[in-house]
Amino acid sequence: RLRGRSFFGQKKIEFEFEALQLIGLKADGALRDGLSIFDQIVSFSNRHITYEIVLENLQVLDYEYFFKTTDHMMAQDHESLLMLLHEVIDRGFEAKAFLVGLVEHFRNLMVARTPKTLGLLETSDNVKKRYLEQTKAISPSLLLNAFNLASQAEQTLRNASSPRLAIELCLVKLAHLGSAISLAQAEKKKLAETQNEKIAP
């Protein structure tokens, strides 16, 4: 990770750029909130601000969870997806926060598909590289359908009596989404061939 050093008053503060980006995301563009959070982290970290320390103190989900989720989805491994959700909840995060983060991750993968839009991602060059690598490994149709499925699940979550169950169902669907798309494409191709045979003299 990229590191830096700065001086505030007479105090030297070392930091990782990704840690500062997390603080900025948590502040949601509010300068006063960002400075307040920064001061808190400085006191917690003994003036050495790392990505891990910010994650722990701000209760922010590590983006690594979402890269893993996408890998498991492409591998059609619903067991690993469910265990990953369990790990997130076991660490004290709400299931809804995981789903919201996953929708954002799919959005970022779509943005990363072209060099021009890649620059729209507000993250470090190292993380942009991760997005670029993963978006090249996933088909556009799978990514778009996954984004739509996760977005719909996020909407229905508002009225769900059991948020965790709703998200588990979404993850199982994501795991089998690739097979469903392949089957639909095969049926479409078969139908087209049948229609061509009927038209042929």
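Because the structure is a prediction, the values reported are computed rather than measured. Values reported hereafter were calculated over all heavy atoms of this structure, with side chains retained and with hydrogens, waters and symmetry mates removed.
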Next on the checklist: Show, in sequence, the C-alpha distance, side-chain angles and deciding distance for Arg107 and Leu121, and conclude whether the side chain to side chain contact (heavy atoms under 4.5 Å, CB included) test is met.
Outcome noted: CA-CA 10 Å; Arg107 173 263 179 192; Leu121 294 182; 3.8 Å; yes
Next on the checklist: With a 4.5 Å cut-off on side-chain heavy-atom distances among I, L, V, M, F, W and Y, is there a chain of contacts connecting Ile49 to Val127?
Outcome noted: yes
Next on the checklist: Once side-chain contact (heavy atoms from CB on, under 4.5 Å) is applied, do any residues pair with Ser139, and if so which ones, sequence neighbours excluded?
Outcome noted: Ser141, Leu142
Item to check | Minimal non-hydrogen separation, Leu149 against Cys170, with atom names | outcome: CD2-O, 4.1 Å
Checklist entry - Going from CG on Leu109 to CG on Leu144, what distance comes out if it is rounded to the nearest 0.5 angstrom? => result 12.0 Å
Item to check | Closest approach of Leu132 to Thr135 (non-hydrogen atoms, all atoms of both residues) | outcome: O-CG2, 3.3 Å
Next on the checklist: I want to know whether Tyr131 and Tyr63 have ring centres closer than 6.0 Å.
Outcome noted: no
Checklist entry - To the nearest 0.5 Å, how far apart are CG in Asn145 and NZ in Lys173? => result 12.5 Å
Next on the checklist: Consider side-chain contact (heavy atoms from CB on, under 4.5 Å). Of Ile167, Leu99, Leu102, which one does Leu85 pass it with?
Outcome noted: Ile167
Checklist outcome for this item: Rounding to 0.5 Å, atoms NE2 (His176) and CG (Asp77) come to a distance of 9.5 Å
Next on the checklist: Closer than 4.0 angstrom, basic N to acidic O: yes or no for Arg164 and Glu168?
Outcome noted: yes
Item to check | Exercise: identify the closest heavy-atom pair between Ala166 and Leu157 | outcome: CB-CD1, 3.8 Å
Next on the checklist: Measuring from atom CZ of Phe67 to atom NE2 of His72, what distance do you get when rounded to the nearest 0.5 angstrom?
Outcome noted: 13.5 Å
Next on the checklist: Determine whether Glu104 and Asn108 satisfy the following criterion, side chain to side chain contact (heavy atoms under 4.5 Å, CB included), listing intermediate values before the conclusion.
Outcome noted: CA-CA 6 Å; Glu104 178 70 13; Asn108 289 344; 3.5 Å; yes
Checklist entry - Are any side-chain N or O atoms of Ser182 and backbone N or O atoms of Gly178, one a donor and one an acceptor, separated by less than 3.5 Å? => result yes
Next on the checklist: Applying side chain to side chain contact (heavy atoms under 4.5 Å, CB included) to Lys136 and Glu133, what does each step give before you reach the verdict?
Outcome noted: CA-CA 5 Å; Lys136 287 180 178 179; Glu133 290 172 351; over 6 Å; no
Item to check | Distance (rounded to the nearest 0.5 Å) between Phe93 CZ and Phe98 CZ | outcome: 11.5 Å
Checklist entry - Sequence neighbours excluded, which residues qualify as salt bridge (charged side-chain N to carboxylate O under 4.0 Å, His left out) partners of Glu154? => result none
Checklist entry - Is it the case that one hydrophobic cluster holds both Tyr65 and Val100, taking links as side-chain heavy atoms less than 4.5 Å apart, direct or via other members? => result no
Item to check | Chi angles and distances behind the side chain to side chain contact (heavy atoms under 4.5 Å, CB included) call for Glu64, Lys68 | outcome: CA-CA 6 Å; Glu64 191 65 37; Lys68 287 181 179 179; 4.0 Å; yes
Item to check | Interatomic distance, Asp62 atom CG to Arg91 atom CZ [nearest 0.5 angstrom] | outcome: 7.5 Å
Checklist entry - Which atom names give the shortest non-hydrogen contact between Leu177 and Ala146, and what distance separates them? => result CD2-N, 3.4 Å
Checklist entry - For Glu79, does the CD atom have more than 12 heavy-atom neighbours from other residues, nucleotides or ligands under 6.0 Å away? => result no
Checklist entry - Are His105 and Thr69 close enough that a side-chain donor and a side-chain acceptor fall under 3.5 Å? => result no
Checklist outcome for this item: Residues at least two apart in sequence or cross-chain that pass side-chain contact (heavy atoms from CB on, under 4.5 Å) with Asp39, listed by chain then number, are none
Checklist entry - Does atom NZ of Lys128 have more than 12 heavy-atom neighbours from other groups under 6.0 Å away? => result yes
Next on the checklist: For a quick test of reading the model, state the closest non-hydrogen atom pair linking Ala160 to Pro163 and the distance between them.
Outcome noted: O-CD, 4.2 Å
Checklist outcome for this item: Nearest heavy-atom contact between Ala112 and Leu118 is CB-CD1, 3.7 Å
